[in-house]
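Encoded as structure tokens, the structure appears first; notes follow it.
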Protein chains: 2
Amino acid sequence: MQNSKIRNMEELASVSGISRPTLSKYFNDPDSVRASTRKKIEAALETYDYRPNIYAMNQNRRLTKNIGIVVPYLADPFFAEIARVIEDLVIEGGFRPILLSSHGNSEQEIENLDSLQSIRPAGVLMAPLGRNSDIAAAERFCAEVPTVLFDNSIGDLGEAFFGLDNLQSIGTIVKYLCNTGEAPVFFEMRTPTNPNAYKRRNAYIETMEKLGLTPQLIQVDGDTWEFEKIGYEGGLDAIRTRQLNTNTVLCSNDRLAIGFLAAAYECGLRVGRGPSYALRVAGHDDHPYARFTCPPLTTVAQDYAAIATKSVEAILSLIESGERAKSRVTTLFSGKLIERVSA
Amino acid sequence: MQNSKIRNMEELASVSGISRPTLSKYFNDPDSVRASTRKKIEAALETYDYRPNIYAMNQNRRLTKNIGIVVPYLADPFFAEIARVIEDLVIEGGFRPILLSSHGNSEQEIENLDSLQSIRPAGVLMAPLGRNSDIAAAERFCAEVPTVLFDNSIGDLGEAFFGLDNLQSIGTIVKYLCNTGEAPVFFEMRTPTNPNAYKRRNAYIETMEKLGLTPQLIQVDGDTWEFEKIGYEGGLDAIRTRQLNTNTVLCSNDRLAIGFLAAAYECGLRVGRGPSYALRVAGHDDHPYARFTCPPLTTVAQDYAAIATKSVEAILSLIESGERAKSRVTTLFSGKLIERVSA
DNA sequence: GCCAAAATTTTACGCGCGTAAATTATTTGT
DNA sequence: ACAAATAATTTACGCGCGTAAAATTTTGGC
């Protein structure tokens with residue numbers, strides 16, 4: 001096994017009989033050296049435990065092998081999941097993911113960008129906070145570092161954007177709800193932190209009007225990322241003050257819906273589809289917990305595997321080309337209706 | 001504002017009139033230079049945008065300012081929350097947190113340790129996977145890097161351990177359940193990944209026997225980290241095959257309980273306390289979602305702020321001392337009963 | 001078995017900063 | 001105002017690796 005440890009490439013060079021520059025080449029890309037050489041190196045690596053000093057490497061390389069991943073709120077399992085997929089793809093691409101959460105806080109988001117900038121990443125994948133983001137700071141960052149946005153977009157920031165087609169996905173579930181029962185009221189935060197939320201509101205209104213129906217909004221207060229709490233408290237209030245004049249509620253996202261379901265339960269309203277139920281509740285996103293709510297939540301699934309895959313592909317090809325995108329491409333994926341028992 | 005940018009300390013030295021070694025001292029500890037010097041440096045920093053190259057710094061420092069944080073499963077909001085608190089404390093302590101998730105996978109856990117070792121962290125805070133952890137690899141890591149364990153312990157690995165007093169916390173909720181209704185059956189995974197789970201099982205048995213009652217276990221299959229799913233499927237099975245001969249179920253953790261609640265709901269069993277309810281269900285951990293289940297989950301809260309604070313304090317003092325712990329100290333915190341409506 | 005092409009080695013320099021020792025300047029106490 | 005203590009500067013070296021250019025070796029094709 002690991003006999004004596006080796007401290008640097010120089011020493012590895014002497015014990016392996018391969019010159020240091022060739023070793024350097026090998027570590028940057030094992031396939032760039034001759035097969036016979038590669039074998040010798042790998043044989044030496046088996047007996048001598050050695051790995052290049054990552055700091056010395058990155059100091060001298062034009063570009064590091066780091067890719068930053070910034071998400072707005074990691075305690076949200078949705079972002080935890082998408083971050084995990086992205087991490088794996090980044091590793092697969094031969095890069096090193098650096099995951100940072102903004103914890104729903106714009107100052108933290110800037111700090112994250114600052115912190116990333118100091119490690120000179122080859123590229124960054126970022127899901128911005130949205131409304132609260134410091135746009136000027138983000139712009140400055142994007143000018144320095146190739147950045148691909150996902151989940152939600154800010155202006156025309158970044159080289160590309162991958163997200164959800166909110167008009168399609170909200171349209172789908174609104175039509176589904178209308179076809180299977182009463183038209184839905186839209187339950188949302190009054191001043192959401194997230195641009196997607198505005199798009200969903202507009203998509204709801206647009207779809208309802210297209211169907212010849214009158215859109216109705218229930219807008220609740222709250223400006224934190226504790227969506228369940230906001231949905232719960234807003235839901236309690238909406239139910240108790242009889243703001244609902246339909247038996248169908250479409251929540252702007254699943255986390256709000258989870259809170260709303262808790263409120264409905266507390267008020268003794270049975271949620272589900274059919275004559276014996278008081279209320280239908282639907283969400284949006286297919287949150288990891290949506291299938292375990294009571295009752296299981298009807299929602300629209302985001303194809304986050306697609307979002308993750310395409311985002312990573314985009315940043316990798318940007319890095320490989322060494323250039324900036326000629327034009328900012330926006331790619332929107334469709335949502336898929338997930339019919340469960342809540343609506 | 002930022003006029004011309006400065007590329008290295010040398011240039012900052014010339015424009016600020018302060019020598020480079022002094023600047024180096026300043027960046028390592030601003031308070032180590034004279035106040036007048038500090039002022040001059042900070043004035044220069046205002047006009048010239050400069051930050052030291054982190055790679056060059058870390059290459060030459062004996063010890064980096066990095067602290068690794070390894071959690072078993074970041075998509076679990078419990079770990080996301082505790083990681084967030086730890087991150088903040090680490091930053092407050094003047095260090096740089098590097099957060100890594102093992103995604104419930106032992107190979108990933110080793111990769112994380114490997115990856116951390118290559119950045120030569122000053123210390124590491126780690127919540128190990130447990131049963132699946134590669135103990136030999138972890139031991140080798142701990143021999144190299146000062147490591148403090150939290151949440152769950154493996155053997156006597158690491159310099160210290162901070163976790164929950166499962167005997168106390170399970171004892172508390174078992175007694176509560178017995179005092180307010182029928183004695184609970186214990187619902188858990190047959191072969192949990194997590195040592196805490198075994199401790200909880202034993203704590204349940206011990207407490208029941210102390211109370212002169214017969215412990216009963218419902219053990220469900222599953223060896224992934226999808227606890228809700230396992231709880232749901234196991235719960236469905238347990239209910240349908242009539243394994244319950246008490247109306248009270250204590251789940252080994254809240255995520256299992258969330259799944260179990262979904263199963264109970266699907267089977268039409270009303271969960272709550274009182275004559276009109278079919279079942280009482282309690283959990284353990286006070287998971288962030290526990291207050292939004294239907295009905296809200298009675299559980300035991302872990303004091304994760306305390307666990308986080310003490311763990312960070314421990315690693316910081318270890319780093320400061322530059323030594324290894326003389327003996328491995330285990331600190332267990334008490335859980336606190338959270339009475340909600342599910343039991 | 002020869003030659004051009006490709007891979008490797010040699011040589012040499014630089015990256016940006018940490019750090020140690022010796023020297024010089026500044027502050028502090030009296 | 002002076003000596004002692006403290007801080008800053010100068011000088012010099014090293015960290016581990018990237019990388020470029022030139023010299024050398026190996027490879028593959030015919």
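In what follows, chains are A, B, ... by sequence order, proteins preceding strands, each numbered from 1. Values below: every heavy atom of this structure, side chains too, minus hydrogens, waters and symmetry copies.
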Nucleotide [N], atom [atom2] - distance to [atom1] of [X] in whole Å:
X       : N       : atom1 : atom2 : result
D29(A)  : dC17(D) : CG    : P     : 18 Å
Q59(A)  : dG18(C) : CD    : C1'   : 11 Å
Y55(B)  : dC15(C) : OH    : P     : 18 Å
L23(A)  : dA7(C)  : CG    : C1'   : 14 Å
R120(B) : dC15(D) : CZ    : P     : 13 Å
K25(A)  : dA7(C)  : NZ    : P     : 7 Å
D31(A)  : dA6(C)  : CG    : P     : 18 Å
L12(B)  : dT9(D)  : CG    : P     : 12 Å

Starting the side chain at C-beta, find the nucleotide from [options] nearest to [X].
X      : options                   : value
S19(B) : dG18(C), dT10(D), dG18(D) : dT10(D)
R62(A) : dT19(C), dA20(D), dG16(C) : dA20(D)
P52(A) : dC17(D), dC17(C), dT19(D) : dC17(D)
R34(A) : dT27(D), dT26(C), dG16(C) : dT27(D)
T37(A) : dC17(C), dG16(D), dT8(C)  : dT8(C)
N28(A) : dG18(C), dA8(D), dG18(D)  : dG18(D)

Reckon [X] has a side-chain N or O less than 4.0 Å from the OP1 or OP2 of [N]?
X      : N       : result
S24(A) : dC17(D) : no
N60(A) : dC15(C) : no
N53(A) : dG16(D) : no
T22(B) : dT9(D)  : yes

Backbone N or O of C142(B) within a donor-acceptor pair of the T147(B) side chain at under 3.5 Å? no
Backbone N or O of Y26(A) within a donor-acceptor pair of the R38(A) side chain at under 3.5 Å? no
DNA chain D nearest-nucleotide lookup for A56(B) and V33(B): closer to the 5′ end is V33(B)
So what does [X] hit on the nucleic acid, given a heavy-atom distance under 4.0 Å: a base, only sugar-phosphate, or nothing?
X      : result
N58(A) : nothing
S36(B) : nothing
Y50(A) : sugar-phosphate

Taking atom types as modelled and ignoring hydrogens, do the side chains of S115(B) and R96(A) form a donor-acceptor contact shorter than 3.5 angstrom? yes
Heavy-atom side-chain contact between Q302(A) and F333(A) under 4.5 Å: no
Please work out which of the three classes, parallel, tilted or perpendicular, describes the rings of Y55(B) and Y55(A), given edges at 30° and 60°. tilted
Aromatic ring pairing Y304(A)/F78(A), orientation class (parallel under 30°, perpendicular over 60°, tilted between): perpendicular
Base dG18(C) to side chain R20(B), donor-acceptor N/O within 3.5 Å cut-off: yes
